[in-house]
Amino acid sequence: MMEKPISFLDQLFEKRILHDSGVDGLYARSAQFEDVVSRFETFALTFGADEITESMMFPPGMPMADFETSGYMKSFPHLAGTVHAFCGCDSDHMGLLQCLAEGEDWTKNQKATQVALTPAACYPLYPILARRGVLPEDGAYVALQSYCFRHEPSKDPARMQMFRQREYVRVGTAEQTMAFRNTWKERGSVMMERLCLPHEVDVANDPFFGRGGRMMGVSQREQALKFEMLVPINSTEKPTACMSFNYHTDNFGKAWDIRLPDGNPAHTACVGFGLERITLALFRHHGLDVDAWPDEVRSALWG
Ligand code: AMP
Ligand code: ZN
């Protein structure tokens, strides 16, 4: 009998690049893995550094009220995660401990908190900008990073439940945001070339939930609102989106009431880099030993 080839995920565990937690899509990262992540972030920041007006790092949770405003539950209820906590009295606590001891569901009385897990790195930014009042003439151009949560457990190491996105977000007029997105589609390819990764940009749609969701995906594609940078990671037939180039029109401007100087709702666009995915693509294509990576890749990341 032919032996089954060892999966990419198992190779990563074996080399202790990622560590198994027993839950698919939830992994500890090695220092080596994190070093590549932060070197990629530094590399990414050399593109368009002079255009950024501001940088922010977000915690992995966002205000529940802003999560509700985002409309995420309308489009992606299957991916969302909310933080629940114990808010009871002594006797509730006794009940909880009893459930735990008897192996019953102890979570049923947990109450929703004011925190939702951030589903997309740029969501917490919009309410912050809205709170500042009318945008300046040249809008905003923010570099940010956040851990994100999506409930999509998988054995594909590139599909995690908790992962980081580094993003550039442009907020302004339709012209400013479209120009930004076009520039970044080109820059994304230059970045992938410098990292010697096979890549292809293609139009894409988000995984909208349910029957109505299918139509939303079709419409998103027809309007070419989303593009992805695809790189083979776990499979050659089905490459993985390592970067996304999104134009949200004035949807978020309207939802959070971000205003242009002329009083109209702002348009927004973002480019998102999947930090774990890009790191995994580097390990996949250049080998599990970073010291043996090609000189060109090493000079892009190690300088
Ligand atoms: P999206 O908001 O779906 O366009 O995601 C932005 C970027 O995050 C994608 O281009 C991926 O690189 C990355 N990403 C999305 N989902 C996951 C996931 N489940 N695990 C790891 N990275 C992800
Ligand atoms: Zn975004």
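Every number for a ligand or one of its atoms is a count from 1 in the order of the listing. Reckoned from all heavy atoms, side chains included, excluding hydrogens, waters and symmetry mates.
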Among Met62, Met162, Arg150, His151, side-chain contact (heavy atoms from CB on, under 4.5 Å) partner for Leu117:
Met162
Reference residue Tyr247; test side-chain hydrogen bond (donor to acceptor under 3.5 Å, both in side chains); the match among His267, Arg181, Lys226
His267
Are more than 12 heavy atoms, taken from residues, nucleotides or ligands other than Asp295, located less than 6.0 Å from that residue's CG atom?
no
Can I get a per-line list of side-chain donor-acceptor pairs under 3.5 Å for residues 139-146, giving both atom names and the distance, sequence neighbours left out?
from	atom 1	to	atom 2	distance (Å)
Tyr141	OH	Glu51	OE1	2.6
Tyr141	OH	Trp184	NE1	2.9
Gln145	NE2	Glu41	OE2	3.2

Checking side chain to side chain contact (heavy atoms under 4.5 Å, CB included) for the pair Arg159/Asp24: CA distance, chi angles, key distance, verdict?
CA-CA 9 Å; Arg159 187 169 297 284; Asp24 291 340; over 6 Å; no
If the threshold is 4.0 Å, N to carboxylate O, is there a salt bridge linking Arg132 and Glu54?
yes
What does the N/O contact table under 3.5 Å look like for ligand 1?
from	atom 1	to	atom 2	distance (Å)
ligand 1	2 (O)	Arg150	NH2	2.9
ligand 1	3 (O)	Arg150	NH1	2.7
ligand 1	4 (O)	Lys226	NZ	2.6
ligand 1	4 (O)	Ser244	OG	2.7
ligand 1	5 (O)	Gln165	NE2	3.2
ligand 1	8 (O)	Gln165	NE2	3.1
ligand 1	10 (O)	Ser244	OG	2.7
ligand 1	12 (O)	Ala241	O	3.0
ligand 1	12 (O)	Cys242	O	3.1
ligand 1	12 (O)	Gly274	N	3.3
ligand 1	19 (N)	Glu152	OE2	2.8
ligand 1	19 (N)	Met160	N	3.4
ligand 1	19 (N)	Met160	O	2.9
ligand 1	20 (N)	Ala158	O	3.2
ligand 1	20 (N)	Met160	N	2.9
ligand 1	22 (N)	Arg277	NE	3.2

Can you tell whether the side chains of Arg194 and Glu296 come within less than 4.0 Å, N to carboxylate O?
no
Keeping to distances under 2.8 Å, can you name the protein N/O/S atoms close to the Zn ion (ligand 2)?
Cys122 SG, Glu167 OE1, Glu167 OE2, Cys270 SG
Tracing side-chain contacts under 4.5 Å among Ile, Leu, Val, Met, Phe, Trp and Tyr outward from Val218 reaches none
Short question: side chain of Arg259, backbone of Gly133 - any donor-acceptor pair under 3.5 Å?
no
